[in-house]
Number of protein chains: 2
Amino acid sequence: MAERETDRSVSQTVRAQLALRDLVLSGRLRPGERISELQAVEITGVSRTPVRMALVRLEEEGLLEAIPSGGFMVKAFSERDILDSIELRGTLEGLAARFAAERGVSSRDLEPLKQCLDEIDGLVRQDPISVEAFSSYVALNARFHALLTELSRSSPLVRQIDRASALPFASPSGFVMAQSALPEARQILLIAQDHHRVVVDAIENREGARAEAIMREHARLAARNLRLALRNRTRLDLLPALALVTSG
Amino acid sequence: MAERETDRSVSQTVRAQLALRDLVLSGRLRPGERISELQAVEITGVSRTPVRMALVRLEEEGLLEAIPSGGFMVKAFSERDILDSIELRGTLEGLAARFAAERGVSSRDLEPLKQCLDEIDGLVRQDPISVEAFSSYVALNARFHALLTELSRSSPLVRQIDRASALPFASPSGFVMAQSALPEARQILLIAQDHHRVVVDAIENREGARAEAIMREHARLAARNLRLALRNRTRLDLLPALALVTSG
DNA sequence: TAGCCATATTATGTATACAGTCAGTATCTA
DNA sequence: TAGATACTGACTGTATACATAATATGGCTA
């Protein structure tokens with residue numbers, strides 16, 4: 001099938017949103033830089049209306065910031081902002097785990113999580129872990145976190161967690177690929193996987209406080225990875241989102 | 001100055017947003033009901049473009065839900081959703097209080113909070129509390145919570161708390177006016193005010209865990225008020241947002 | 001030479017026209 | 001009579017034209 005100039009299967013708004021998001025995350029637009037609608041029109045090839053929608057959505061997502069006099073600019077983040085976003089996500093996931101534990105979940109609901117964990121076990125068994133395995137881990141890890149969030153059976157909470165994880169550096173798998181370049185990589189993944197096992201165990205035994213605490217600590221693993229990666233200064237190309245960090 | 005047909009000082013988008021929000025919260029649109037753009041154009045008197053923007057913003061706010069095939073409908077909430085939203089807000093405010101305690105705040109920063117608390121003390125001293133005093137309490141309470149959130153000095157967290165408090169039934173003052181009809185009204189306000197004092201004391205003494213715990217419990221006061229109000233079935237007109245609750 | 005004002009350009013906010021798609025309804029056939 | 005199909009209507013997605021406001025630049029004055 002020939003690739004068309006415009007793929008009609010997705011809306012112009014979505015296409016513009018994807019293109020502009022890539023542009024921002026790639027760092028080709030500096031933090032604080034104004035992004036004009038006409039400029040965005042030239043880049044994306046769609047008209048002003050969907051471009052406008054895309055800009056509004058990216059602001060909601062947290063990547064852009066509204067300028068008081070009108071328009072949008074690329075948002076700047078401090079290292080502190082990133083660490084806080086991670087702690088925030090961990091707190092919300094902790095609440096989800098506590099809800100799941102307190103309200104109880106059937107073994108039927110836990111099955112997909114356990115299957116997910118078994119698959120991760122298969123990945124981290126190899127030593128050293130290949131880059132492909134890291135990629136698979138990212139996908140499985142995202143799946144595990146999504147399933148866990150769903151176990152809370154609380155749509156307001158699920159919604160808020162999705163928003164808190166929208167920023168790439170705040171997402172559960174945000175710094176996994178950065179780990180791949182670290183010598184401690186496998187060790188970190190083993191610890192993370194242990195957290196996964198513990199939280200499922202806590203939920204099964206309806207230990208709300210324990211489930212909440214372990215998810216908070218689990219998120220802090222991402223903070224440790226970030227600091228490690230920044231200190232080593234290696235393979236920062238694996239973390240495109242870091243282009244948004246000022247005075248990093 | 002004569003009131004013009006269209007006030008040019010605010011944008012058409014904001015005007016449409018305000019009008020549509022009132023329409024939804026007043027319950028004149030049933031939960032699940034589709035709200036078409038042309039219908040919204042007739043109601044608000046502005047053209048489709050700002051109406052569209054307003055609808056997107058209201059979806060982001062949580063009042064509307066996107067229909068997969070396009071357009072928006074009024075969102076429906078269960079009583080569980082409301083209770084979860086309150087617990088969620090309390091969890092985030094707890095995190096903010098913990099950040100404030102752990103990171104430390106100057107007595108200069110605490111002064112406006114203490115002044116706010118003194119003013120509230122003046123209100124709850126009267127017995128019984130007048131309706132006007134309840135209105136003043138709502139404003140002062142909102143101010144206290146905003147100041148407390150700011151103490152975290154974490155813009156990602158402030159942003160998230162603002163979003164979590166956007167829904168009227170999740171906001172810190174969401175059910176205060178409903179209390180005014182209850183015989184236990186004054187007692188509840190005295191307890192809430194004690195919570196306020198405790199959290200400030202905890203932050204001053206850098207007791208992070210205590211600050212976090214008391215803010216969580218403080219939010220649960222709103223949940224208790226909601227249940228009381230629903231049980232008594234009196235003065236539900238004070239809670240317009242309850243029009244969105246299904247099978248309440 | 002530095003600062004201010006005026007002007008011109010470019011930005012966004014808004015309205016509207018057009019096209020494509022989805023849904024609902026009515027009719028026809030089995 | 002029930003189900004399926006075709007048609008009609010309405011709604012949203014998109015593009016563009018117009019007006020207003022903000023900004024930048026250049027010239028003038030102190």
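For the numbers below, each heavy atom of this structure counts, side chains included, while hydrogens, waters and symmetry mates do not. Throughout, protein chains are lettered first and strands after them, A, B, ... in sequence-line order, and every chain is numbered starting at 1. What you are looking at is a predicted structure, and each value in this text was computed from that prediction instead of being measured.
- Of the listed nucleotides (dC11(D), dA11(C), dT14(D)), dA11(C) has the atom at the smallest distance from the side chain of R34(A).
- R220(B) CZ: more than 12 foreign heavy atoms inside a 6.0 Å radius.
- Taking only side-chain nitrogens and oxygens, T49(A) never comes nearer than 4.0 Å to OP1 or OP2 of dT14(D).
- Between I67(B) atom CD1 and dG24(C) atom C1' the separation is 15 Å, expressed in whole Å.
- Note: CZ (R48(B)) to P (dC11(D)) measures 10 Å, nearest angstrom.
- Of the side-chain N and O atoms in T13(B), one or more sit less than 4.0 angstrom from OP1 or OP2 of dT14(C).
- Remark: side-chain polar atoms of S171(B) are paired, donor with acceptor, to backbone N or O of G174(B) under 3.5 angstrom.
- Out of dT14(D), dT12(C), dT14(C), the shortest distance to the side chain of E37(A) is found at dT12(C).
- H218(A) and H196(A) have perpendicular rings, their planes meeting at more than 60° on a 0 to 90° scale where under 30° would count as parallel.
- In this structure, of dT12(D), dA15(C), dT14(D), it is dA15(C) that holds the atom nearest to the side chain of V46(B).
- Taking only distance into account, the side chain of S36(A) never meets the base of dA11(C) through a donor-acceptor pair shorter than 3.5 Å.
- A side-chain donor from one of H145(A) and E93(A) sits under 3.5 Å from a side-chain acceptor of the other.
- Distance L38(B) CG to dC22(C) C1': 15 Å, rounded to the nearest Å.
- For P50(A), taking side-chain heavy atoms from C-beta onward, the closest of the listed nucleotides dT12(D), dT14(D), dT12(C) is dT14(D).
- Atom-to-atom, CD of Q12(A) to P of dT16(D) comes out at 11 Å; the value is rounded to the nearest Å.
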Report the C-alpha separation of L63(B) and L25(B) in whole Å, then their side-chain angles, then the decisive distance to 0.1 Å, and conclude whether the side-chain contact (heavy atoms from CB on, under 4.5 Å) test is met.
CA-CA 8 Å; L63(B) 253 50; L25(B) 291 180; 4.1 Å; yes

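- Look at CD on Q17(A): it is 12 Å from P on dT14(D), rounded to the nearest Å.
- For dG13(D), one of the phosphate oxygens OP1 or OP2 lies less than 4.0 angstrom from a side-chain nitrogen or oxygen of R52(B).
- The CD-P distance, from Q39(B) to dC11(D), rounds to 9 Å in whole Å.
- Taking atom CD of residue E59(A) and atom C1' of nucleotide dT12(C), one finds them 15 Å apart after rounding to whole Å.
- Rounded to whole angstrom, the span from the CE atom of M53(B) across to the P atom of dG13(D) amounts to 14 Å.
- Under 3.5 Å, the side chain of S69(A) and the base of dA22(D) form no donor-acceptor pair of N or O atoms.
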